[in-house]
Amino acid sequence: MKKIQLKDKVFETYLTAAQIQTRIQALGTQIDTDFAGQEVVLLGVLNGSFMVMADLVRAIHIPLTCEFLRISSYQGTQSTGKIETVFGIGQSMEGKNVIIVEDIVDTGTSMAFLTQFLAEQKPKRLAIATLLFKKEAFLHNYALDYVGFEIPNKFVVGFGLDYDGLGRNFPDIYQISTL
Ligand code: IMP
Ligand code: MG
């Protein structure tokens, strides 16, 4: 098992780049099937989703456009529960098939805010894709349409996910070490 240190915390390998790729390919195939003959907007939530976005869009073969927005609710390893939209999308989502792309859904509060915000723009269909889902931490009851992995309620880094800005560059995902 590979261990890495970021600031005061030690992390150990949890999901390999190969496992991640296999799941992202499968999600792409599912999206191709579900939206066959239609066009979709993949809406990435920055910063964390940039790697998932890059791989997921390449796994989808129906016509698509990419948009990004940024929200913020995390500091260190604890969700602050406060959400601020820092910058928004450049086009209206009205009448479009929108798939929100996240690296992780934890308490689900960010995604709840985002779906509410986007629903006001009256998209034709609004779906959620997330690479990781911390089911035990989830405080809401809306459905997640495309989930890569359900993971335990432990802090993870890598593949876009950070600890105070660090660790996003790792191709694998690491879980916080309890030792
Ligand atoms: P939520 O609102 O609690 O679902 O938090 C979602 C956001 O918190 C994600 O988009 C991530 O940016 C961040 N986050 C949640 N859990 C983790 C984690 O384990 N590692 C890194 N970032 C996380
Ligand atoms: Mg995020």
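Read the numbers this way: they start at 1 and go in the same order the structure lists the ligands and their atoms.
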Per side-chain contact (heavy atoms from CB on, under 4.5 Å), L43 is matched among L114, L69, V101 by L69
Identify, by atom number and element, the atoms of ligand 1 in contact range of [X], meaning under 4.0 Å from any of its heavy atoms.
{"X": "E102", "result": "10 (O)"}
{"X": "S110", "result": "1 (P), 2 (O), 5 (O), 6 (C)"}
{"X": "D162", "result": "21 (C)"}

Geometric class of the F138/Y142 ring pair [parallel <30°, tilted 30-60°, perpendicular >60°]: perpendicular
How does [X] reach ligand 1, by side chain, by backbone, by both or by neither, if only non-hydrogen atoms under 4.0 Å count?
{"X": "K134", "result": "side chain"}
{"X": "L161", "result": "side chain"}
{"X": "D103", "result": "side chain"}

Under 3.5 Å between any N/O of G108 and any N/O of ligand 1: does that happen in this structure? yes
Counting only nitrogen or oxygen atoms and a 3.5 angstrom limit, does V105 reach ligand 1? no
Set out, in order, the CA-CA distance, both residues' side-chain angles and the distance that settles salt bridge (charged side-chain N to carboxylate O under 4.0 Å, His left out) for K3 and E12, then state yes or no. CA-CA 4 Å; K3 293 209 177 197; E12 55 197 39; 3.6 Å; yes
Can you check which of L132, T107, I173 brings a heavy atom nearest to atom 3 (O) of ligand 1? T107
Please enumerate all residues that pass salt bridge (Lys or Arg N to Asp or Glu O under 4.0 Å) together with K135, with sequence neighbours excluded. E150
With a 4.0 Å cut-off on heavy atoms, does V45 reach ligand 1? no
Which atom pair, heavy atoms only, marks the closest approach of V156 to I104? CG2-CD1, 3.9 Å
Within this structure, what is the OG1-CG distance for the pair T29 and D34, rounded to the nearest 0.5 Å? 10.5 Å
D8: which residues meet the side chain to side chain donor-acceptor pair (under 3.5 Å) condition with it, sequence neighbours left out? Y163
